[in-house]
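The structure presented is a predicted model; accordingly, all values stated were derived computationally and were not measured. Excluded from the calculations below are hydrogen atoms, water molecules and symmetry mates; all remaining heavy atoms, backbone and side chain alike, are included. Positions are given from 1 along the sequence.
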Amino acid sequence: MQEYRAYLLGIDGHIRERMELESETDDEAVAKARQHFNGGTIEVWQGVRIVAKLDGGSE
């Protein structure tokens, strides 16, 4: 398992909510973040590497 962080961003680009998660793959981490936040602008990170930025629930 790898450690990831996901952030829900507000309209102003600031972090509104944060979650930590563990996943086997990047795709799994993105799916978990998408399900948890259910839309909005989401960033998924692993360490200093950005895995995905989802705008309004899409990549």
Side-chain angles (χ1 to χ4, degrees):
M1 289 291 222
Q2 301 177 65
E3 294 182 6
Y4 294 85
R5 293 178 324 281
Y7 301 98
L8 176 64
L9 304 179
I11 296 169
D12 59 2
H14 289 95
I15 297 169
R16 294 184 53 204
E17 195 174 332
R18 174 183 189 232
M19 77 177 280
E20 295 187 22
L21 54 137
E22 291 185 350
S23 297
E24 290 289 333
T25 66
D26 290 353
D27 290 338
E28 182 182 325
V30 170
K32 286 180 180 180
R34 188 179 280 160
Q35 181 179 28
H36 178 80
F37 291 124
N38 194 26
T41 301
I42 303 164
E43 290 185 353
V44 180
W45 291 77
Q46 183 187 39
V48 296
R49 178 178 71 94
I50 188 163
V51 174
K53 182 170 184 174
L54 312 170
D55 261 336
S58 64
E59 289 184 79

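By the side-chain contact (heavy atoms from CB on, under 4.5 Å) test, Ala33 pairs with Ala6, Ile42, Val44, sequence neighbours left out. Judged as a side-chain contact (heavy atoms from CB on, under 4.5 Å), and not counting sequence neighbours, the contacts of Glu22 are Met1, Glu3.
Nearest heavy-atom pair across Leu8 and Gly39 is CD1-O, 3.8 Å.
Inter-residue side-chain proximity for Tyr4 and Asp26 is flagged as met; some heavy-atom pair is nearer than 4.5 Å. Residues Gln2 and Val51 fail the side-chain proximity criterion, which asks for heavy atoms closer than 4.5 Å.
Among pairs with a residue in residues 37-47, those fulfilling salt bridge (charged side-chain N to carboxylate O under 4.0 Å, His left out) read Glu43-Lys53, at least two apart in sequence or across chains. The salt bridge (charged side-chain N to carboxylate O under 4.0 Å, His left out) pairs that include a residue from residues 8-20 are Arg18-Glu20, where partners are two or more places apart or lie in different chains.
Cluster partners of Leu9, using a side-chain heavy-atom cutoff of under 4.5 Å among ILVMFWY residues and allowing indirect links, are Tyr7, Ile15, Trp45, Ile50.
In terms of modelled atom types and a separation under 3.5 Å, the side chain of Arg5 and the main chain of Met19 share no donor-acceptor contact.
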